[in-house]
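So the structure is just underneath, and the comments pick up after that.
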Amino acid sequence: GLSFEHLFGFSPRDAQRQFIDRASRPGLYVLEAPMGIGKTEAALYAAYRLMEQGVHQGFYFALPTRLTSDRIHERVTDFLAKITNEPTVPKLAHGTAWLTEYARGGENLASGKSWFNPSKRALLYPYAVGTIDQALLSVLNVKHSFVRLFGLAGKVVILDEVHSYDMYTGTLLDELVERL
């Protein structure tokens with residue numbers, strides 16, 4: 001029952017409000033707007049509402065690069081602190097995510113937790129932030145692609161900055177959206 005204002009500290013703009021009102025059930029939703037309009041907040045709040053309703057269990061926030069994934073990871077961590085009762089850190093899912101984990105002290109690299117460390121299994125976490133390629137590998141004929149697709153099933157999948165992809169990647173995105 002948390003409000004947009006409670007989570008982000010400001011009232012939603014008109015574009016955000018319209019998007020949030022429309023994203024009320026499972027489906028494909030597109031928010032195309034200029035930079036700075038608050039697309040990230042709108043997507044996160046829509047994900048929160050869908051999870052609150054019990055429609056989805058978790059989310060994967062996908063961006064084109066490791067740098068953008070690392071940056072949004074910090075924002076999503078703050079967001080999760082507000083919507084969950086227990087301290088929850090989203091799993092970082094990209095090729096060098098283990099370096100970030102190691103820099104934080106490596107507690108998740110300890111024995112017994114290492115099964116989740118490889119990037120193909122990071123999508124099994126309830127909340128993850130990473131690169132789009134981690135999700136796209138679920139629709140390619142690669143080893144263990146089904147693990148990635150299973151990890152995305154039942155989650156809100158947020159694809160950010162999709163305008164920057166070429167025709168090949170766009171075709172893979174179409175397949176991913178169809179399967180999800």
Side-chain angles (χ1 to χ4, degrees), residues 1-13 16 19-20 23 29 31 33 35-110 112-138 147-148 150-162 164 180:
L2 300 173
S3 68
F4 188 95
E5 294 85 359
H6 177 80
L7 292 176
F8 301 110
F10 59 90
S11 297
R13 295 178 181 93
Q16 292 170 319
F19 178 78
I20 292 164
Y29 299 96
L31 177 56
M35 189 169 74
I37 201 75
K39 296 180 292 290
T40 299
E41 289 83 1
L44 287 172
Y45 192 71
Y48 164 71
R49 287 193 41 208
L50 290 168
M51 290 184 301
E52 180 184 41
Q53 295 168 15
V55 176
H56 292 291
Q57 297 79 36
F59 60 80
Y60 181 64
F61 201 116
L63 291 130
T65 67
R66 292 183 307 220
L67 179 62
T68 54
S69 297
D70 288 343
R71 298 275 187 216
I72 203 71
H73 185 262
E74 297 168 13
R75 289 173 65 188
V76 170
T77 300
D78 293 341
F79 170 74
L80 284 174
K82 294 175 183 173
I83 68 166
T84 59
N85 294 328
E86 299 175 15
T88 304
V89 176
K91 185 69 173 170
L92 192 56
H94 61 62
T96 59
W98 67 274
L99 288 171
T100 305
E101 195 79 40
Y102 182 76
R104 287 193 192 122
E107 60 273 356
N108 287 332
L109 298 175
K113 295 185 178 183
S114 62
W115 192 87
F116 284 104
N117 288 324
S119 59
K120 68 179 156 242
R121 293 184 288 261
L123 300 183
L124 295 174
Y125 271 71
Y127 310 105
V129 173
T131 51
I132 187 69
D133 65 310
Q134 299 301 315
L136 293 178
L137 285 169
S138 70
V147 174
R148 294 175 196 272
F150 179 77
L152 293 172
K155 289 185 180 148
V156 176
V157 178
I158 302 168
L159 306 173
D160 200 356
E161 302 293 334
V162 294
S164 63
L180 293 174

Donor-acceptor contact below 3.5 Å, side chain [X] vs main chain [Y]:
X	Y	value
Lys39	Ala33	yes
Ser138	Arg148	no
Lys155	Leu123	yes

Can you name the one residue among Tyr125, Tyr45, Tyr127 that meets ring pair (Phe, Tyr, Trp, His ring centres under 6.0 Å) with Phe59?
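The residue from Tyr125, Tyr45, Tyr127 that satisfies ring pair (Phe, Tyr, Trp, His ring centres under 6.0 Å) with Phe59 turns out to be Tyr127.
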Flag side-chain contact, heavy atom, 4.5 Å: [X] against [Y]:
X	Y	value
Leu63	Arg71	no
Arg66	Thr131	yes
Tyr60	Gln134	yes
Leu44	Ile158	yes
Lys82	Tyr48	no

Kindly give the heavy-atom pair with the smallest separation between [X] and [Y], and that separation in Å.
X	Y	answer
Pro90	Val129	CB-CG2, 4.1 Å
Gln16	Ala42	CG-CB, 4.0 Å
Asp160	Pro64	O-CD, 3.6 Å
Glu86	Thr84	O-OG1, 3.0 Å

Residues forming a ring pair (Phe, Tyr, Trp, His ring centres under 6.0 Å) with Phe61, sequence neighbours excluded:
none
Tell me every residue that passes ring pair (Phe, Tyr, Trp, His ring centres under 6.0 Å) with Phe8, counting only those two or more places apart in sequence or in another chain.
Phe4, Phe79
Partners passing side chain to side chain donor-acceptor pair (under 3.5 Å) against [X] (at least two apart in sequence or in another chain):
X	result
Glu74	none
Thr40	none
Gln57	none

Gap between atom CG of Leu80 and atom OG1 of Thr88 - 0.5 Å precision
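Nearest 0.5 Å value for the OG1-CG distance: 6.0 Å.
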Between NE2 of His6 and CD1 of Ile83, what distance do you get to the nearest 0.5 Å?
11.0 Å
Apply salt bridge (Lys or Arg N to Asp or Glu O under 4.0 Å) to Arg75 and list each qualifying residue two or more places apart in sequence or on a separate chain.
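With neighbours one apart ignored, the set is Glu41.
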Would one find more than 12 heavy atoms of other residues, nucleotides or ligands at under 6.0 Å from atom CZ of Phe10?
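Yes - once you tally the heavy atoms of other residues, nucleotides and ligands closer than 6.0 Å, there are more than 12.
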